[in-house]
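Structure, as structure tokens:
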Number of protein chains: 2
Amino acid sequence: MRPIGAADATCQLRDVLDRVGDKWSVLVMALLGGGPRRYSELQRSIEGISQRMLTLTLRSLERDGLVERTVTPTSPPRVDYALTPVGETLSVEVSSLIRWAEEHREYVATSRLRYDVQTS
Amino acid sequence: MRPIGAADATCQLRDVLDRVGDKWSVLVMALLGGGPRRYSELQRSIEGISQRMLTLTLRSLERDGLVERTVTPTSPPRVDYALTPVGETLSVEVSSLIRWAEEHREYVATSRLRYDVQTS
DNA sequence: CTGTATCCTCATGGATACTG
DNA sequence: CAGTATCCATGAGGATACAG
């Protein structure tokens, strides 16, 4: 069996997983799954994200062809972000991951407590 | 609408997503989804993981109640790792994420090329 | 074989200030 | 409003050596 995550030319699983696994992409994708959003909406909706990271995250997602950026050159400018068709398919996965996290965070918290007690 | 990822006591989405989003957990979970594995099997199967990170990843997953560790005190010792029932449910999500990555890595690669060309 | 212990590097990402 | 530019701290994670 070929090692998983092998760094050869055909399998750049790592590349894609790294992007999905960064700190903010999952949350951004999930939000855009609910429809297009403006830059400021995203910033308000995502607790704790800095301007810098929101921009970097959106640029990466755009670069990967998952998000589309639309500028309306009014004054002040308006920029909307929306999922591309492929982005939609990823947002489905991502939403289901978030649902898992919500459904099991209590179990995880309890497990951690027990583990920490037993190993201390 | 309450911000997603809010850091209050009831919503520790961040906590769980951080664990899932680290560099190796996803791959470990996916492998264990195929059944119990020995420490050395995991190390061989995951391209590029260091001993340190494999151990840390397994400890975290165990702490979260997602993986169970079984020591057989032979000489040399044998240690098997298996998913817990809740771990199984996560490994399903994770496998489906990996499948997405495999199915779309070509699209992502192409998108990146185009983006880099256009913005250079 | 299955780890632990150190050391050290580098990239992630936060804070802040500034701009069209 | 929607960014960019800079600086900087932190910690994730690799390399290596050692141990039960």
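Reckoned from all heavy atoms, side chains included, excluding hydrogens, waters and symmetry mates. In what follows, chains are A, B, ... by sequence order, proteins preceding strands, each numbered from 1.
- Comparing C:dG13, C:dT2, D:dA2 by their closest approach to the side chain of A:K23 singles out C:dG13.
- When each of A:P77 and A:G21 is assigned the nucleotide of DNA chain C with its nearest heavy atom, A:G21 is the one assigned upstream, toward the 5' end.
- Straight-line distance from the CD1 atom of A:I49 to the C1' atom of D:dA2: 14 Å, rounded to whole Å.
- Of the candidates C:dT2, D:dC1, D:dG14, the closest approach to any side-chain atom of B:Y39 belongs to C:dT2.
- Between the C1' atom of C:dG3 and the CD atom of B:E62 lies a distance of 13 Å, rounded to the nearest Å.
- Between A:R52 and D:dT4, a side-chain N or O to OP1/OP2 separation shorter than 4.0 Å is absent.
- The pair A:D80-A:R78 meets the salt-bridge criterion, with a side-chain N (NZ, NE, NH1 or NH2) lying under 4.0 Å from an Asp/Glu carboxylate O.
- Comparing C:dA17, D:dG14, C:dT2 by their closest approach to the side chain of B:S50 singles out D:dG14.
- The side chain of B:V79 lies closest to C:dG3, out of D:dT4, C:dG3, D:dG14.
- Annotation: of the two residues near DNA chain D, A:P76 and A:R59, the 5′-most nearest-nucleotide partner is A:P76.
- Mapping A:M53 and B:E41 onto DNA chain C via the closest heavy atom, the residue that lands nearer the 5' end is B:E41.
- Side-chain contact between B:R14 and A:K23 is present, with heavy atoms from C-beta onward closer than 4.5 Å.
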